[in-house]
Structure formats: structure tokens, C-alpha cells
Amino acid sequence: MYTPDPDRYADMPYRRTGRSGLKLPALSLGLWHNFGPDRPAETQRAILRRAFDLGVTHFDLANNYGPPPGAAESALGDALKADFTHHRDELIVSTKAGYLMWPGPYGEWGSRKYLLSSLDQSLGRLGLDYVDIFYSHRPDPETPLEETMGALHSAVQQGKALYVGVSNYSAEQTREAARILAELGTPLLIHQPRYSMLDRRPEDEGLLDTLDELRVGSIAYSPLDQGLLTGRYLDGIPEDSRAASDSPFLSADTVTEELVGRLRTLNEIAASRGQSLAQLALAWVLRGGRVTSALIGASSPRQLEDSVAAIGNLEFGEDELARIDEVVKQ
């Protein structure tokens, strides 16, 4: 029987999410790629147990995570029942709906029909009565935003979610979503954008400024840019890497000689700080406290431990930040 580490809260920083009372760990565990039937169940459980032992109290999912879609929620549901039955109130479990889950006109996007049906299915796979955070995974260009936000509000009113968030929304869409939710009486808690040293659109397009103004939290996904910032590509493309596969998220064409050269320079900066490239990338996203949490993935407990070690050095000098900008933006 799993017994959590009694010192699990000793080292992990917890950051308040916007103006809410909810705090998230600086690093949260995303169950996107590594939780499905193609991975040993015991390895998945070992990752979750180790995460909790290290103070990672937030497990982030979406209805379509796997593969196949739904598998990650089912895997977490099994682990919650086996290992975390007595620790549910110490955990933040989040899920999302927005991408394709089942055929026909009601199986994706942002209608009330889809979002609330999907949430019921997610709760069934997770074996939970409620999730802590329920997200609209992407904006729907055809459904009125009032309907999508109204469905999130209903999830809270029905007791099936404690908080709500959005993901992949623009700054303008986020502002309007927050306005609608405020009028309904369910505040927008958090936004989940893609954000990394190599992908700065939340900065460049004004999203982070908007979240600061609205006092809405943020949790960055893909802070290692699909593995480019893990150090795996310092010598080109490994045969077993995502870029060498048929992954739609990272192609071999992306890994140019110029990019590899920049990654090597960033790795030198990381070494000067006593960090791996992945630790540098995570620390950079979390710098200054502007981002509430960063999502990490893990295929093993050891990989998880390496990522969590980033919290040992989250401070940057102005010269370091300038050097990183010079490398990335050259």
C-alpha cells in the first residue's frame, strides 16, 4: 500500500492562482503523452506516486489525452482508486473538452451539449464526483461564447467542477470570456497557453498582460517545446525522438542546424547555472512569478525528478535573461 512521503510539502513552491484562494504547485504533471495502454500501468502509477511525494499536487488532463482518447483519464482513475483514495482533498485534478472525442456534430468544439456530456464522461473515467478545474480546451468559431461560458458556469453550479478555465484563447477572447463568466458569477480562474523560451506568443500577443490585468492565473503547457528544450537534440535528431517519428507536433524539418546551434548555446547557459537545459527552460517560464505553474510530462520517475529539480534555481540575473533573449531571437 502506497504511503506518501511525509515531507512532500517541504520544497515545492505553491503559487496563488490569480485572485482566487487556490494555490498550484510551481510544477504540475500533465498526462498528455505518457498515460495510455501502450505504457505499463505500474510505470504510470510510479510516476504519479513520485510526483505526489515531490509536492506535485496537480494532475492535468483533457478528455482526448491518451492515446487513445480517454485513456489518460482512465489511467488516472485507476491510480486514484489504488493509491490516492485517502488523499483526494490534497489533489487538484483538471480536465478539458474541446477537441474531437466522438463522431457526429456533438463530439467536439464548444457547445453546451458537448461540454457537459464530455464532463460527465470524464468524471466516469476518473471515478470522481467532481474535477477541481474544467477547461474549454479551445475557442469555437461558430458557437456563441456566451453558450460555451454558460456551460462552464453550469458545471460549477452542478457541483461537477470547482473552478473553470480556458486554453488556447487569444487575449481578446480571454477578456470576453472573463467578462461573461463574471456576469454569471463564476470567475475565470486560469488560462492554459502554450509558452516556452522558443514560443513566446503569450508575451508577444499580449495574453500575459491581459491575464495580469484581469488577475487570472496561468499554467504553461509545452514549456520544453515538444522536447526541443530537453537536451535530446543537441547533436541532431535521435532515432527514437518525437521529431524522427510521424508526430504532428514536431517535425524533422523543424530541427535545423541553426536551431541546434541555439540549443547548444542555451545548454551552455544552463550549465553555468548548474542546471540541465530542461531545468533552465522550466525555470525561465516560472521566472518572476508571472506564470502560476508549468506543466511537465514524464515517461519515468527519474525524468520527473530531473524536471522538479528546476525549482532549486528559479532566479535569473538581468544579464542571463538578456543572453537568453539574444540567443533565442537571433
Inset, instruction - Compute whether any side-chain donor of one residue and acceptor of the other, for Tyr9 and Glu90, lie under 3.5 angstrom apart. - result: yes
Legend entry - Residue from Glu320, Glu203, Glu318 passing salt bridge (charged side-chain N to carboxylate O under 4.0 Å, His left out) with Arg287: Glu203
Legend entry - Leu224 and Thr230, any side-chain heavy atoms less than 4.5 Å apart: yes
Inset, instruction - For atom CD of Glu42, decide whether the heavy atoms of other residues, nucleotides or ligands shown that lie under 6.0 angstrom number more than 12. - result: yes
Legend entry - Parallel, tilted or perpendicular: ring planes of Tyr221 versus Trp32, cut at 30 and 60 degrees: perpendicular
Inset, instruction - Report yes if some heavy atom in the side chain of Glu73 is under 4.5 Å from a heavy atom in the side chain of Leu76; otherwise report no. - result: no
Inset, instruction - Would you tell me whether Thr210 and Glu213 have side-chain atoms, one donor and one acceptor, within less than 3.5 Å of each other? - result: no
Legend entry - Over 12 foreign heavy atoms within 6.0 Å of CG, Asp129: no
Legend entry - Where Tyr130 and Ala161 come nearest, the two heavy atoms and their spacing: CB-N, 4.3 Å
Inset, instruction - Please say whether the positively charged group of Arg273, taken as NZ for Lys or CZ for Arg, lies over the ring of Phe316, i.e. under 6.0 angstrom from the six-membered ring centre and within 45 degrees of the axis. - result: yes
Legend entry - Main-chain N/O of Leu181 paired to Thr186 side chain as donor or acceptor, under 3.5 Å: no
Inset, instruction - Indicate yes or no: at least one non-hydrogen side-chain atom of Leu27 is less than 4.5 angstrom from one of Ile311. - result: yes
Inset, instruction - Kindly say whether Ala298 contributes a backbone atom to a donor-acceptor pair with the side chain of Asn34 at under 3.5 angstrom? - result: yes
Legend entry - Side-chain donor or acceptor of Asn63 paired with backbone N/O of Ser118 under 3.5 Å: no
Legend entry - Under 3.5 Å donor-acceptor, Ser272 side chain and Ile269 backbone: yes
Legend entry - Arg264 bridged to Glu268 by N-O distance under 4.0 Å: no
Legend entry - Member of Tyr99, Trp109, Trp102 meeting the ring pair (Phe, Tyr, Trp, His ring centres under 6.0 Å) criterion with Tyr114: Trp102
Legend entry - Carboxylate-amine/guanidinium proximity below 4.0 Å for Asp5 and Arg50: no
Inset, instruction - Would you please say whether a donor-acceptor pair under 3.5 Å links the side chains of Gln158 and Ser154? - result: no
Inset, instruction - Tell me yes or no: between the side chains of Ser293 and His58, is some donor less than 3.5 Å from an acceptor? - result: no
Legend entry - Under-4.0 Å salt bridge between Arg125 and Asp78: no
Legend entry - Ion pair check, Arg194 and Asp225, cut-off under 4.0 Å: yes
Legend entry - Between Tyr163 and Ser94, a side-chain donor and acceptor under 3.5 Å: no
